[in-house]
2 protein chains.
Amino acid sequence: MNILIVEDEPRLAEALAHILQENDYHAEIVDNGNDGLTYALSDLYDLVLLDIMLPGKDGLEIVRTMRRQGNATPVLMLTARTETSDKVKGLDAGADDYMTKPFEAEELLARVRALLRRQGEVIFDEITCGDLKLNLSTHELVCGPKKVHLSHKEFEVARLLMSSPNQVFSKETLLNKVWGIDAEANENSVEAYISFLRKKLNFLNSTVDINTIRMLGYRIALPEA
Amino acid sequence: MNILIVEDEPRLAEALAHILQENDYHAEIVDNGNDGLTYALSDLYDLVLLDIMLPGKDGLEIVRTMRRQGNATPVLMLTARTETSDKVKGLDAGADDYMTKPFEAEELLARVRALLRRQGEVIFDEITCGDLKLNLSTHELVCGPKKVHLSHKEFEVARLLMSSPNQVFSKETLLNKVWGIDAEANENSVEAYISFLRKKLNFLNSTVDINTIRMLGYRIALPEA
DNA sequence: CCTCAACGATCAAGATGTTCATGCGCGGCT
DNA sequence: AGCCGCGCATGAACATCTTGATCGTTGAGG
C-alpha cells in the first residue's frame with residue numbers, strides 16, 4: 001500500500017514515514033502544497049496523510065481540489081489545530097478523518113487501517129449464479145467447460161441480473177442502471193441484449209435462464225436448489 | 001438519511017437523536033446490543049452510531065459480526081473510553097471512525113457527513129482544465145460555445161490527462177489505466193486516441209493542448225495561468 | 001376456439017467505436 | 001546531408017451498439 005505524506009516539518013514527516021514503513025506500507029513525503037496536490041491527484045497512492053498548514057496550497061485547498069476533480073483517495077488530516085471548527089472545516093472540505101497532534105502511533109495506524117480497509121473493499125471478482133460464473137475483470141461468462149466473452153453492455157446487464165437472482169428488473173431499471181439515468185436509449189435495446197444473453201446461455205448449455213415477466217421485466221431463474 | 005443509534009443511556013441517546021434530527025436525519029434508538037445487531041444487519045440504515053458498553057452484545061462484537069456477515073454500513077463508535085488501545089480495538093473490529101465522549105455536536109455532525117459522503121460517493125460531474133470542461137456523466141467535452149461527444153476510450157484518456165494537468169503520463173501508464181492492467185493492447189492505440197483527442201481539441205478551438213514529451217509520454221499543457 | 005391487440009423476440013442494417021498495420025515526417029545523431 | 005527511431009495520421013478490418021421492421025406469443029373477450 002502506498003501512502004503519501006504531505007507535511008512540511010521534516011522531523012514529523014520522517015517520523016510518520018518511519019512508523020508507516022515499519023508496518024509494511026510504502027510511504028513518500030512531499031513537503032509543500034503544490035507538489036502535494038499534484039501527487040495526490042496522480043492516483044498512485046492509496047491514502048494521503050495531509051497537514052493543513054503548508055507552504056504553497058494549504059491542506060484544505062488540496063482536498064477540495066481533489067474532490068472537485070473526482071479523486072476519491074482517502075485523506076486523513078493531521079494537524080496541530082484542535083478547535084472543533086477546524087475539524088469541521090477539514091472534514092467538510094472532503095477529508096475522511098481528522099487527527100490532532102500529538103497523536104499516538106497505534107491510533108494513527110488503526111485509523112489508516114480503517115480507511116484502507118474501506119478502500120480495498122475488494123470487490124469479489126466473480127459472481128456465481130447456478131452453474132454460471134461471471135468473471136468481473138475479463139467479462140467472461142463460464143459454464144462448465146465452455147466460456148464466452150460478453151461485450152460491455154451484455155456484461156453490465158448480466159451482472160445486474162446475476163447479482164440478485166430471482167429479483168425482477170424492469171426494462172426501465174435496466175436502462176437506468178446500465179445505460180445511465182437520463183440516457184435516451186430505447187427499451188428495445190434492453191430486449192435486444194436480453195436476446196443476446198439468452199443466445200449465449202443457450203450456447204453454454206447453462207441450466208440458468210432468463211425469464212420474461214410480462215409487463216414487469218426480466219429475471220434470472222435459478223433452477224430449483 | 002437513516003441513522004441507527006445503539007446506546008443504553010437514555011439521556012445521551014436522546015441528545016444524539018435530537019442533534020441528528022435537527023439536521024434532517026432520521027434517527028432511531030435501540031438500547032441494547034442484541035437489538036442493535038439485528039437492526040444494524042437489516043440494511044435499513046445508512047450509518048450506525050455505536051456505543052461500546054451495552055447490555056447484551058457489546059459494540060465490538062456487533063461491528064465484528066456485521067463485517068463478518070458482509071454488512072458494510074458505516075459505523076461510528078462513540079464511547080467514554082479514551083485509551084488508545086480501546087480506539088485501536090474499535091477500529092480494528094471494523095468501525096470506520098471512533099469518537100470519545102464528551103464530544104461536540106459540530107464535530108459529530110461533520111464526521112457523520114464524512115462517513116455518509118463516502119457512502120453516497122457523490123461523484124462530481126465535471127472536470128475543468130483551462131477553458132475545457134469535461135462532463136463526467138454525459139462524456140461531453142465543452143469549450144465555450146462548442147461541444148463534442150467523447151467515446152468511451154477518448155473519455156477515459158481525456159479524464160486521466162485532465163485530472164492532472166502538466167503531469168506526464170507514459171503510454172504504458174495510459175494503457176494500464178484506460179485499457180486495464182493485463183490488457184494486451186498496442187501502444188499505438190494510445191497514439192491513435194491522442195490523435196483523436198487533438199483533433200477534437202482543435203475543433204473546439206481550445207487553448208489547451210496535448211504535448212508530446214518524446215520518449216516519456218503525453219500531458220495536458222495549460223496555457224500559462 | 002378464434003380474433004385481436006399489445007407486448008416481446010429476433011433480425012438485419014447502419015452508425016459508431018476500436019484496433020492495428022502502414023507510410024510519412026520530424027528531430028537528433030553521426 | 002543522410003540515417004534512424006519515434007511519433008503521427010489514416011484507412012481498413014473488425015467489434016459493438018442501436019434501431020426499425022417483422023414475426024411470434026400471450027391473454028382477454030367474443
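The figures here come from the full heavy-atom set of this structure, side chains too, leaving out hydrogens, waters and symmetry mates. No experiment lies behind these values; they were computed from the predicted model shown.
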Quiz prompt | Base-contact (B) and sugar-phosphate-only (S) positions in nucleotides 7-12 of chain D, heavy-atom cut-off under 4.0 Å, - elsewhere | solution = SBBS--
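- For W179(A) and dT18(D), the shortest distance from a side-chain N or O to OP1 or OP2 is below 4.0 Å.
- Judged as a side-chain contact (heavy atoms from CB on, under 4.5 Å), and not counting sequence neighbours, the contacts of H149(A) are H139(A).
- Atom-to-atom, NZ of K153(A) to C1' of dT18(C) comes out at 14 Å; the value is rounded to the nearest Å.
- For K200(B), the side-chain contact (heavy atoms from CB on, under 4.5 Å) test picks out V148(B), L150(B), E154(B), with sequence neighbours left out.
- Counting only residues at least two apart or in different chains, side-chain hydrogen bond (donor to acceptor under 3.5 Å, both in side chains) contacts with residues 48-63 of chain A comprise N34(A)-K57(A).
- For F196(B), the ring-ring contact (aromatic ring centres under 6.0 Å, His included) partners at least two apart in sequence or on another chain are Y193(B).
- Distance L174(A) CG to dG8(C) P: 13 Å, rounded to the nearest Å.
- Nearest nucleotide to the H152(B) side chain, out of dT19(C), dT19(D), dT18(C): dT18(C).
- E187(A) has its side chain within reach of L175(A): a pair of non-hydrogen atoms, C-beta onward, lies under 4.5 Å apart.
- For H149(B) and dT16(C), the shortest distance from a side-chain N or O to OP1 or OP2 is not below 4.0 Å.
- When the P atom of dT16(D) is taken as reference, atom CG of L197(A) falls 13 Å away, rounded to whole Å.
- In this entry the distance linking CG of L175(B) with C1' of dT18(C) reads 13 Å, nearest Å.
- Taking I213(B) as the reference, V168(B), N211(B), L216(B), R219(B) meet the side-chain contact (heavy atoms from CB on, under 4.5 Å) condition, with sequence neighbours excluded.
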